[in-house]
Every structure is written in C-alpha cells, then in structure tokens.
**Q** 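Structure incoming, see below.
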Amino acid sequence: MDLWMRDTKSQGRLYYAVRCANSIQSTRSLALTDLNDHAPVFDPRAYTKTVSESLAVDSVVIEVFATDADAAQANNKITYSITPPMSEFKFGPENGVIVLKKRFNFNIVSDYSFTVEARDDGGLFDRATVNILVEDFDNMNPYFTQSLYRAVIQEDQMGGFLSILPEAILARDGDIGINQTLVYSIRAVSPDQYTSSFSIDPASGIITVVKGLDREEVTMATLNIQAAQTDDSLKTAEASLLVTVEDVNDNAPEFDAAVYAADILENSPEGSFVLRVRVTDRDEGGFNGTLQIIPESVPFAITPDGALQVKNSTALDREQTPRLSFQIEAREDAPPNRVVLADVVVTLLDANDNNPQFESANYEGMIFKNQTVGMTVATVHADDLDEGANGRVSYAIEGGNQDEYFSINAETGQITLMKEVVFQENEYLQFLLFVTASDGGEVTRFSSTQVRILAPGTSNPQFLLPSYHGSLQEEMDPPVQILKLTFLPPGIGVTLAVLSEMDKFSVEPDGTFLTLVRLDHEVRTNYSVRVSISDRTSSDETTVLVDVIDINDNAPVFASGPVKVDVGEDAELGANVTELAASDADSGFNGELFYSLRGGEGKFSIDPQSAMISLAGTLDREAQAEYTLEVVARDQGQPPRSSSAVVVVNVTDVNDNSPRFPQAQYEEVVPENFTVGTTILVLTATDPDQGSNALVTYRIAQQSPSTDPPVFILDPASGTLWLNTPLDFGKASGYTLTVEAVDGGTPALNGTCLVAVRVQDLNNEPPKFSRDRYDIAAFESLPSGTAILTLEVTDEDEAGFSNGHFLLNSDTFSINTQGTLSLNRNATLDREQQDNYLLQVVAVDSATDGLSATAQLNITVLDVNDNNPQFLPLPDPIVLPEGNYSAQAPWEVCSISTSDLDQGDNGKVTLSLSNPGAPFQFTEDGMLLAVGPLDREEKDTYDLVIAASDHGSPQRKNVTYITVTVTDVNDNAPEFSQGVYSRDILVKDAAVGDLVLTLSATDRDAGVNANITYSFSAGSPLLSLDSKTGDITLTSDLSGVTKDTMLEVTAMAQDQGEPQRTSTAMVEVSLFTVSLTPGVDFQSPAYNFSVAENEPAGAAVGVVKALTGSSLTQVTYALGSHTDLFAVDEEGVVSTLQPLDAETQEWYNMAVEATDSRTPPNTAVTMVSVRVEDVNEAPVFNNSVYSANIFSIAPYKYPVLQVEATDPDVGQTGQLVYSLEQDSGLLEVEPSSGRVYVVSVEGQAGEKTLTVRATDPQGLRATAEVKVTIQESEAADTVVISLNQPINTVDEKFVELESSLEIALDWTVKVLSITSISTFGGGARSSRETGKTYVTFIAMDTPGAIVPHDVKRKLQSERDAVTAELAKVFGQEVEHALEAGPGEPDSSQQTVVIVLGVLLALSMLGLVAVVVTMVVKSRKHSKGGKESSPKDMVSFGNHYQEHRNSLASESGSSNQEANPERKTSTRKSSSSGNSHTAEL
C-alpha cells in the first residue's frame, strides 16, 4: 500500500490518498488545526521617508507592513506599536499606517529614528527601524543673533570696526534647514545726516565707515540694520548698532587771539603781570598741554594758566629794545603733540633810567689875545637815551668858574666868554670848568665832564733845527711815526702844520711826524716836506727829509709764457736744452735772483744764476716722450719772493728698438689633407720706434726639416704664412720654422720667433667596447644627474678615442664624451612605474665621418621606501552611542584598511592616532576602538587624525581624517533663548488672539529627547501659551486695562525624553495706555550751569532731566568726565565733590549719559558746561612779621626792607597797593613795590613797630607787622679813604674792596658810600681832576664795636698791607689815602693848580670855613662814643647798593651811573613764627 499526501495550508486541510496493491485508491482529507508557530515578519526591515515640516497633524507619515504565516486569524492578527512610544507619532488601530500627532519643527528635530514592532496575539513579534527625515519648510522670519550691537570707532577712521560687541553682526534664516541666503541693508542712521558715512556688505553684513566721523560734531550714531531673505523680501529681521565715536587728537589748540599786545614800564620788577592768554582745544578734555615762550631768551615767563609775567627785569630796557616781539607756543601733551603759535608784542614805556652821556670825557677851548666878550669858547653836548622830559638835557657850570669868566647856555651847552682874561707874557693860563648835564625826569639824573680852557700869551715859537731827516720802509700801513720835531716853547698853545705833501704826511701837536698813506720805494725813493709852527701871533718853518727804504715787495717776472723745446733721445749728458731768465723790479738783494727746477724726474738740471737748462739723465722716447719742467726764480729778499715759468721738452725718436713678436714660439696643427695655398697663421711683430724705424718686413730664415721647394711661404709685408706643397704625415709629422722681422731703420734691427707646425693624421680604425652587454643595478632613489657606470672604449688610431663621442637614445639616461652613463638631470627612477631598462649605446670616434661600435645596457631598478601608505575607502558614516567606555570594555567603532606600493618592510603598514588624549585607539588589524567615556553634549563628533606608517627606512606615513559621530541619550534639560521675554503693547491697539511674543527653547539632546512643549507654571487671565509653538497670544482685547500695567508670568519648557526634563523663563508684558515710543531723551541738548568758587563739597550745580515717555521706565545718570570733581544722582542733580578754584580752571565741560531700564536699554547724552565764578579774595602777605635793623644816620629814602603780598585772584598780585595803617614821620612804604624806606630817623633809637597793609582793586586788604630797630650812631663813626681809581671801577668792585680791607685790617668792613665828589671846600671839585674816588665805610671789631679812630691808625700803620690787598683788586698802580671827611683830601695829596695866588688863598679860607661849620653842626647832634652792634652795622651796610644813587645825589655827585641790577648778597631767615628779618 502506498501513501501520498498534499499539504494545502491555505485551506487549513491536509489531503492524502491510500493506494493498495490491487490499484484501489482511497482519497481522504484531514482538517488541520493551526498553531501559532510563526512570528510576524517585516519586509523590508528598514523604512525611510522624507516629509515636509508643514505636514498637517493627523496626516499619514508612512506605512509599514508585516505578514504572519500562521493561517488562523487568531494567530496572524498583527498589532503595530512604536517602541518606545513617541508623542509625535501613532499607529492606526490595526494597520501599519503611522500618523502625525504633533507638528514638526525642523529647527528642533530634523530627523526621527525609532523602532516599530509588529506583534501577534500570541506574543510573537518582529521589529523594523523607521527613519523619518523632516524637510524644512520656509515658515519663519530671519533673526539677528543680538538685538543690539555696540561698536567703537575713532573719529576720522574709515574702514571696518575692530570689534563689535557682544559678537559680530550676524542674521540667520529662522528655517535652519533651508537657511535661505540673506541680504543686509541699513534702514536708517541717527543722526540722519550721517547716513552716507556708513555702508554694509549685502552678503556678509560687515559694516564699514566710508566717510570719517568727527567727534566734535557727533559722539554717537545709531544704525538700524535689516536682514531680508533673498527669496522673500517681506521676511525680514532688524537690529540696532550703537556706534560710539572715540576722540582722537585731531584738533590743534587755539589761542583766543592771533596777536597779543601789551604796554609795560621798562625795568618792571620780576613777576609783574603783563597779559593773559587763553588756549582752547576742540578735542575731548580741552587743552591739556604746556605753554612755552619762543625763544626762551626773552625776559618773560608764562604760567600754566596763561599769565605772562616778567622774568628778567634787567632785559626790559626801552633804550636797547623798545618793542619785544616773540611767540607763545601751546603744545599738546598727547601725541602727535600738535603745536600752535601766537604772536606777542610788548611795548616798553619809558622810565628815567639813563643818565645824560657826554660825547667826550674832556673838552678843550682856547682864548687868545684878540679875545672878545661873548665869543664861543667851547661847546659841550650830552645825550640822554630816555624819552620826553626824561631825555631833555640842560647844562650848568658847577665848578672852576670862580672868577666868572665864562657862562654856559643851559639848552645848547655853548660856553661863552663873559669878561676878558688878562694875559701874561710867556705864560699859559688854563681854566678847568666842571660842567653837569641834568635830565628833566621826576627824579633828576645827571652826569659831569671837564672843560679845559687854555689862554696862551706871546711865545715866539720856533723849531730847534732848520731841517730834520728820517726814513721808513715802504708799504707800511699808516700812520707810521717817522720822527719827532723839537721846538720852543714846549707846551700848549701852538699849532703845527704840514705845508707840502699834505696828502702823505701829518704832524701831531707834540711834534710827532706821521705818514698818512702807504709809500712805495719803486714809485718814489725820498720826499722833502715843509712843516710850520705857529701860536697865531708868530710862526716858523722847517724841512723834513724822508727816505723810503726798499723792501722785497715785488716778485720776479719771466719774459714769456711756456717754452717748447725738442731734444733727441740720444742727446749726451750735459747738453744745453734752453735758457729761461726772469727780472725783478726790487733793488739790491731784493732784486738778486736764483733759479731752481721742478719736475723732469731727474733728467734735467738748471744753472742757479744763468737759468740755463741742461740734460742730467739719459732719455728714452719710448719710456716718456715729453717732460714738463717748472723753472722757479727766487729773489734774496726777506721774506723772499718767487715766480715760475713752464718749459715743455719733446723727446725725438732714434732707431734703438728691435721688432718684437708677441710670442717667442707659435704652434699650429694642420691635417695632412690640408689644401695648398690655404693660410695657416698670420704673424705680427711690433717696433716701439716711430716712422721708418717702426716699419717691419718678414721672412723665413730657416725650415727644419728642409725641403725643396719649401713647404711654407711667408708674405714679407703682412706676415701671412700659407701652405706651399701638400703634407704627408708618413714623410714628416711636423716642421719648425725660424721667422725673422726686420725694421726700416739705419742700421736695421731684427727680431725672431719659432713656428712649429704639426701634421695631423686621418681616421681609419673603428672603436671597440670592452663588453658587448653591460648588466647594471640602480636604486630608484638615485639622484638626478648621478653617474652610474663608465664604459671602456679603445681605438687603434693615433689619437685613440680621445676625440670620440657616444650616442644614446633615452629620455631617462645620458652618456658624456668620456663614456660615463648618468641619470638625466630632469629624470628620476620609479620602480613602481618601471623596474627595468634595456638600452643600446653607440661609440663614434670622430665628430665628422667617424667610425662606430655598439653595446647593450641592461639596467635593473631596485626598490627604496619612496611611497606613502594609502588609505582604502573609509566607512561613512561612523556612529556610536555615547557611553562610559574604557580600554577594558571598549567599543568596536569601525575597521580602516590601507595599502603600500613598496615591497617588503617598505610596504608593511601600521595605523595610529595623532589626537593626543582622544578616547580611541587602533588594534593591529586596523580596528578602531572607543576606549574612553563619550558624552555627546560635551562633544558629539570627533575629528580623528589617522596616521598610517610603513616599516621602511626612513619611515614614511600618510594621514587622513575621519569623523566619529556620538548619538544621544536624554541627559539635558531644555534651555530658553532668553531668561526674560518682554513686550510692550499699546492697549488701544490690542485684539483677542494677537501674538504677543514667541518663546523659544532648545535642548542640547537630539531626537525625542529634544522635543519640547511649553506651558505656564500659573495661568494668566490675559495671556494664552501654545504648548507646541511657544506662541503667546492675548485672550482679551484689554479694554479693562486703564493704566500702564506689567504682566509677569513664568513659562516652562519640557522635553519628551526619559526621564522628562524642564526649565523656566520669565515673561514680562508691559501694557501701555498712551504711547509705545521706546527711547530716552534729555529736555535740552546742552546745559549751562555756574557755581561760585570755594563752595563746599556737595554744592548743587544744576539739574539735568531725561524723559522716557513711560512711568514704568526708570532712568539712571552717569558723568562722562571730571568724576573727581562732580557727581550726578538718580534725580539728575549735578553737584560738586570738592571746592573749586576759578583761578585754577574757570570752565568744565562734561557729558552726562542717561540710560533707561528697558531691555535692551536706551541711552541719551547731553553736554553740561559749568563755569566757576570768581569770588574776590583778600590778599595775603608772605610773612606776618618783618624785621630789620638800621642806623640813625641812615639818609632819606634809604631802603629798609621790602614786604610782599600775593592776591589769589588771577592777575591782581601786580595791582596791590601798599600803605601804612598810620602815618609815620620816620618811615614810609612805596605803594607799588612794598619797599619800606627811611623818611628821617635822626636822633631816634630803639624798636619801632609799623603796620603795613596791602589793598586789592576791590578794597580787600591784608596787614603785616614791620619791626625796625634803630641803632644810634653818628657821622664820626665812619672812615673815608680816597683811591686813585675811576668811580665806576670802584663801584663795580666794591665787594672785593670790602674783602681786601677786612683782610688787611682784620675787622669786619661795610662800605656805606662811593662818590667822586668832595663837598668840603670852597667849591665843588670833580675827582676827574685829581683822579680820586672817595669810599666811606664802617669797621667793627669782633665784639661789634665801631672803632673809627683805631681804623684810621691802623690804615697808617698797616699801609703796606692795605696797599698789597688793594693791588689784588685794582692792580699795582693803586694808591690810597686817609681823608679827614667824606671827599676831603689829605694835604699830602693836593694837586698844584696854576691859579692866581689871591684866588688860591680865598679858596682855602672858604674851605676852612665850611669844614668848621659842618664839624660844629655835626657835634651838636653827637652824643659821643656810642658803640653799635655788628648786626646793626650789617643791616645798615646791607642797603648800600640800593641807596647809592641817593647818597651821591645828596653829596652833589657828578656821576649818577649806578648799576641798579647788581645786588648785594642778602640772607633771609624764615622761622616757624612766620617772621622775616632782612640782614646782609
């Protein structure tokens, strides 16, 4: 029985049949019960679908399909699910359709990857992966990364900004998947006049400044920037750029005037105010720099605040410089240190500071017997450099006119005769008048001079000799004294005159005979001159004979110019060449000449007397053809004079040189088949002679071996050698010729040379290689140009293979003429490209018609490590999940394969990583392992540098890069783009559903882990939040809002990961009922305030106010500068931080910035100018107490001390007026200078106290106390000596005079006065008459006692010591004498004056009477024997220099020329008690 079955699973039944052996068949069916033995199966196993971001919710995303092989419905019913579940997708009830349940957001999640499961009811399942790729949809506007950018640029700078904060300007498309390109533009610029100053790159958004900004015009500019999509210009984003213009030092300082002018008195004291300049600078901070006067030598100084003051009063001399012009430089401290100049003109007003000055120190007049009353005797004249009345001079006779013979015109200075003078026979009378010149100044200044008037009687003058003889050398510069004429009577009153040759000679009153011009012996050798003498009554004549002595004042002179002479080069030594003589106009030795020769190189000599030139050395024309000689003629005068002439000697030729070949031997190679008649060589010989002596002809003197006919022929004229008969190498391999060159001289001279001609053999034997085949091995690294092998070739010809060459047809190899095979310089070997070369080389023995041989070259290329390992195609992408991997538990990432074209170890490759610290490593077979922890949020990709290194030497490697991507797990919470979201809404424009703002949060995770929903933590009745989009909308039209209101809610963002994570942000919505204008602005663009100086800290200056347009917005204020002096509070009140001083700085300019509380904040700037108002301040004395010591003999106007006060107010110190609080009959103070001086202290003693006050122009005053101690003293305490020195000399050296007297006397000496006038006598007498100066001084011993009597005795006893010390000061001619009183000379020093006896007696009586009267008057005031302290005497002597003019004036001084600028040394002591003591 057979059984067969058929399975029909589709019907769930089993069919079978049974067949018996007898062919009976029975067909049966069996119902099968299905078992759930098949799981559902997905086909395919992976699904991928790209869908648009705009796909609507509940739309089909993708359909998956699985089948179950089970037959029963219960076993094949499939249920689909997503594992794990996702909020974005869901399956249909029983099909594989996946439906979208949450809107796509490409910016958040751009692709989804999940697993779907198909499960039957029995629990069997299958899984497939689904990848949903979201395609971005253009539904969002662009956005800037920041709403407000800030940039800073220097003024006048153009180009881009160095930096923009908080980051560079950048806008992005809101649809990051599309990332549409954007176009940038500038919508507006504020202030709008600077719109053209900026440009923006449409593509990059880079903003550049195309026109420089001036900070002095604009300090800040705001740019509104827009970014628009190129495909839709309505999709835009906006941001603002706040540009701050930084100041640069681009403005020069400016003076308030281009030219300043001022008038001041000459000699104004130092520190006197002249004028004030003001400097401004438009740059920030104003002018900060230094003021300087140019040039520095001018007598002015300038203070930092611009006050111009006197620096050197001595230089303010109107008479020297009536107007001073200079410049003031203002130089900035900051680079580039700009400089500006202003001109200053200071005009000096006249002060009476000049004495009248006589034109001469002495004047002379003369009266003769024919005198007439009223005649002019002499005229004096003095000039005064001062102006006006100060310079108006009047004249007076002050002495010497006792008999009143003369009078003087006060205005003209003309002295006339008032009455006739009685003459005596043979006697001269003279009158010495003392004349003064006084100016018309308020304080008169004067000077004096002497006028000597002579009155000669009848003298009958005559010369002592009838003629005089003298001589002088010629050419002496006049005047030259030749002799002195003697005559009677000797003395004055006669006149000498030259009567002839008056243009050449003159005579002095004392008889000195002089020349007027230079005399020339060559023009005239002697002169006869008539001279007369006359006293205007009688006369006499004499003759002066003058011989002019010759001097050597003429140089020798040659008769002609350069001389040319011909001399044969064979001339004999000593032969005469030429004679060249000169002449000299002088006589004697001065005209005697000697000759010498220069040049000629020793070939010539000259006779020193005859000037004959002769030959001194042999000549050679060929060595030198011409000589230039210089003949020098020198006379014998003292000093000698010389001149020179030139002789040119031309050397003529003789035949003294043989022809000469340039070479002694010539060699030529000629092939044996050389053509007959062909030139072989051209010979040339030279002869240095000239003319026919140098004409050369040629001939062959000898040929070896000799032949007939000769083998060679030589052209006698040209020296050309050519072949005459054929050559045969077998007969002769070479020839030697002797060639002779003969010149045309008489006798003829010749020269020879040798010519060797070698016969060259012909080529008839082929070359041979040493081998037919060469096997060669070379490394592929062989350098280009390297030699590989040298081939050996032989040739049986005479020359062998020396002239042969090789042929090789190869681009890689070459062979040179020596047979060296080399690698071409432009070729390299590469085994990987070609490992063998088979070449053929040919050897050719001659370049032309050469014979050849051939050989084979077999070159094998050996391997070197010259190939880098190469990477095979790399896997892409390379991904792995983040995790905590280690070397013990690695993750296999991928396998990297490589190859290397080299062989052996050169081709063996090992992989390694070049990333230090990377958590990856390679195994030996190229498997990349993760061996360290990976965190996708910290780093989601790794750019690995893979190095593939071979094992060759040197080792080679290759590098490639792969990117390993780390996939995500949910370990990060969402993050809002802002911590606070704010929006301003105008209530009247609000409507239900209006979009207020959109929240935006991001999650660092990926996929569903980054899928975010939004919600409020607490509900708001006016706001609604879309959980998916983050859109916040209004739920009301806000009609119930009646005042500005702030809505604040907390928003929450939650991701869909496991576990879920959340974050929060604040939402602030400002509801305004009036306006939305966002901004802040000051009520005024500038504020001007003022504050009094010295106000205490905290004094209010003024108030600035900025408006925001909303009560919800707060404003804060800040100062831009001067924060150390001013402050501004939250109300805008500007106040001081410390007292201000108008004298230090009058104006302050600062910027005040207002900032509102909006986000981002708005700012505004205003300028505030504060003027510090000056307040009159009282002057201040430098010391509160001043003290001084004087003697009671101090005269009127004697300076005691000087007080000084300063005024804090600008420029008023020089305007202070000094006065005494109470009038004093003893002392007074000068109102302008503060100098306290003596009125009268005669008979006073003890301490006197005065109060001095200083008053400013507004009446404020200050006081100081002056204490003056008066020491009793009398005139008898002084000592007077006279010196035979001019008063100005003594005056200049009075300090040295004091020192010399102290050394000689061993006491302290103080000089009180120096005068040239004696008032003790019958009339005034000038020291000019006696040459005396009178010095009044006081001497004190160590205890301080005044010792006049001891001084006088010691002056006598120590006279030599005193004289020695005085000589150190005034010179050895100094003389001194003790005087009885000021200006009264000692009797031993009287000068005899020629006057009438009676007048002399009367004068002496008058002098005695005056002396007696003054002594009696002086003793009435004397209290006798008083001692004075040294301190008192020092103080009294301290002011001598300042009072000297006054003393001289009161004593009738004739010379007021004091030196007011010289100051005695003053010691000032300032104690802690604020006192001042003036002492020397």
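Note that the structure is predicted; figures quoted are calculated from it, not measured. Sequential numbering from 1 along the given sequence is applied to the chain's residues.
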**Q** If we ignore hydrogens and angles and just use 3.5 Å, is the side chain of Asp1037 paired with the main-chain N or O of Ala990 as donor and acceptor?
**A** no

**Q** With a cut-off of 6.0 Å (strictly less than), are more than 12 heavy atoms of other residues, nucleotides or ligands near CZ of Arg983?
**A**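 Above 12, so yes.
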
**Q** Evaluate the side-chain contact (heavy atoms from CB on, under 4.5 Å) criterion for residues Val130 and Val64: first the C-alpha distance (whole Å), next the side-chain angles of each, then the deciding distance (0.1 Å), finally the verdict.
**A** CA-CA 9 Å; Val130 179; Val64 299; 4.2 Å; yes

**Q** Evaluate the criterion side chain to side chain donor-acceptor pair (under 3.5 Å) for residue pair His38 and Asp68; output intermediate values, then yes/no.
**A** CA-CA 6 Å; His38 289 87; Asp68 193 320; 5.6 Å; no

**Q** Determine whether Asp111 and Ile132 satisfy the following criterion, side-chain contact (heavy atoms from CB on, under 4.5 Å), listing intermediate values before the conclusion.
**A** CA-CA 6 Å; Asp111 64 89; Ile132 305 299; over 6 Å; no

**Q** Just by modelled atom types, is the Ala918 backbone N or O under 3.5 Å from a matching donor or acceptor in the Asn915 side chain?
**A** no

**Q** Working to the nearest 0.5 angstrom, can you tell me the gap between Ser1063 OG and Ile1012 CD1?
**A** 7.0 Å

**Q** Is the CD atom of Glu167 crowded by more than 12 outside heavy atoms at less than 6.0 Å?
**A** yes

**Q** Could you grab the distance from atom CZ of Arg150 to atom CG of Leu148, nearest 0.5 Å is fine?
**A** 5.0 Å

**Q** Can you check whether Asn224's main-chain N or O pairs, donor with acceptor, with Ser240's side chain at less than 3.5 Å?
**A**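 No; zero donor-acceptor contacts below 3.5 Å.
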
**Q** With a 4.0 Å cut-off, would you call Lys101 and Asp58 a salt bridge?
**A** yes

**Q** Would Gln229 and Gln180 count as having a side-chain donor-acceptor pair, cut-off 3.5 Å?
**A**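 There is no such pair (donor and acceptor under 3.5 Å, judged by atom type) between the side chains of Gln229 and Gln180.
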
**Q** Let me see the working for Val964 and Thr941 under side-chain contact (heavy atoms from CB on, under 4.5 Å), right down to the final yes or no.
**A** CA-CA 5 Å; Val964 178; Thr941 59; over 6 Å; no

**Q** For the NZ atom on Lys1105, are there more than 12 heavy atoms of other groups (residues, nucleotides or ligands in this structure) within a distance under 6.0 Å?
**A**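 Not buried by this count: 12 neighbours or fewer within 6.0 Å.
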
**Q** At their closest point, which heavy atom of Leu1034 faces which heavy atom of Leu1023, and how far apart are they?
**A**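 What the structure gives for the nearest pair is CD2-CD2, 3.8 Å.
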
**Q** Have Asp968 and Asn1009 got a donor and an acceptor in their side chains that come within less than 3.5 Å?
**A**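 Looking only at side-chain atoms, Asn1009 and Asp968 do form a donor-acceptor pair, the distance falling under 3.5 Å.
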
**Q** Are any non-hydrogen side-chain atoms of Glu937 and Asp971 less than 4.5 angstrom apart?
**A**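 Yes, close enough: below the 4.5 Å cut-off.
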
**Q** Would you find a donor on one side and an acceptor on the other, under 3.5 Å apart, between the side chain of Asn131 and the backbone of Ser113?
**A** no

**Q** If I take atom CD from residue Glu135 and atom CG from residue Asp175, how far apart are they, to the nearest 0.5 angstrom?
**A**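 Glu135 atom CD to Asp175 atom CG measures 11.5 Å (nearest 0.5 Å).
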
**Q** Is a side-chain donor-acceptor pair under 3.5 Å present for Asn972 with Asp1003?
**A**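 No - no donor-acceptor pair under 3.5 Å links their side chains.
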
**Q** Quick check: are there more than 12 heavy atoms from other residues, nucleotides or ligands sitting under 6.0 Å from CD of Glu246?
**A** yes

**Q** Working note: Phe42 + Phe65, criterion ring pair (Phe, Tyr, Trp, His ring centres under 6.0 Å); need CA distance, chi angles, decisive distance, verdict.
**A** CA-CA 6 Å; Phe42 279 104; Phe65 182 74; 8.8 Å; no

**Q** Would you call the rings of Phe1082 and Tyr1117 parallel, tilted or perpendicular if under 30° counts as parallel and over 60° as perpendicular?
**A** tilted

**Q** For the backbone of Ala1118 and the side chain of Glu1153, can you confirm whether one donor and one acceptor N or O come within less than 3.5 Å of each other?
**A** no

**Q** Just how far is it from atom CZ of Phe1016 to atom CG of Leu1025, taken to the nearest 0.5 Å?
**A** 4.5 Å

**Q** Could you tell me whether the side chains of Thr1163 and Thr1155 share a donor-acceptor contact shorter than 3.5 Å?
**A** no

**Q** So that I know where these two stand, are Tyr112 and Phe104 an aromatic pair - ring centroids less than 6.0 Å apart?
**A** yes

**Q** Would you check if Leu1022 and Leu1071 make a side-chain contact, meaning some heavy-atom pair closer than 4.5 Å?
**A**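 A side-chain contact under 4.5 Å exists here.
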
**Q** Please confirm whether the ring centroid of Phe106 lies under 6.0 Å from the ring centroid of Phe137.
**A** no

**Q** Mind checking whether Phe976 and Tyr1014 have parallel, tilted or perpendicular rings, split at 30° and 60°?
**A** tilted

**Q** NZ of Lys102 to NZ of Lys90: how many Å apart, nearest 0.5 Å?
**A**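 Lys102 atom NZ to Lys90 atom NZ measures 15.0 Å (nearest 0.5 Å).
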
**Q** What verdict does the side chain to side chain donor-acceptor pair (under 3.5 Å) test give for Thr129 and Thr115, after you've listed the backbone C-alpha separation in whole Å, the side-chain angles of each residue and the deciding distance to 0.1 Å?
**A** CA-CA 5 Å; Thr129 58; Thr115 302; over 6 Å; no

**Q** Looking only at heavy atoms, what is the nearest atom pair of Val1080 and Ala1164, with distance?
**A**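 Looking at all heavy atoms of both residues, the closest pair is O-CB, 3.4 Å.
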
**Q** Is the shortest side-chain N to carboxylate O distance from Arg1004 to Glu975 below 4.0 Å?
**A** no

**Q** Quick check on the 6.0 Å ring-centre criterion: do Phe114 and Phe89 meet it?
**A**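 Distance test on ring centres: under 6.0 Å, yes.
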
**Q** Verify the distance criterion only: is there a donor paired with an acceptor across the side chains of Asp173 and Asn179 at less than 3.5 Å?
**A** no

**Q** If I compare all heavy atoms of Asp126 with all of Pro40, which pair ends up nearest, and what's the gap?
**A** CB-O, 2.8 Å

**Q** Any idea how Tyr885 and Trp891 line up, ring-wise: parallel (<30°), tilted (30 to 60°), or perpendicular (>60°)?
**A** tilted

**Q** Could you walk me through whether Val116 and Thr83 satisfy the side-chain contact (heavy atoms from CB on, under 4.5 Å) test, starting with their C-alpha distance in whole Å, then the side-chain angles of each, then the deciding distance to 0.1 Å, before giving a yes or no?
**A** CA-CA 6 Å; Val116 295; Thr83 303; over 6 Å; no

**Q** Which pair of non-hydrogen atoms, one from Gly1007 and one from Val109, has the smallest distance, and what is that distance?
**A** O-CG2, 3.3 Å

**Q** Ignoring hydrogens, what is the shortest heavy-atom contact between Ala1010 and Ile108? Give both atom names and the distance.
**A** O-CG2, 2.9 Å

**Q** Would you please say whether a donor-acceptor pair under 3.5 Å links the side chains of Ser147 and Tyr143?
**A** no

**Q** Can you tell me how far the CD1 atom of Ile169 sits from the CD1 atom of Ile164, to the nearest 0.5 Å?
**A**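 Rounded to the nearest 0.5 Å, the CD1-CD1 separation comes to 4.0 Å.
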
**Q** Closest heavy-atom contact between Thr967 and Pro881?
**A**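 Smallest heavy-atom distance, with atoms named: OG1-CA, 2.9 Å.
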
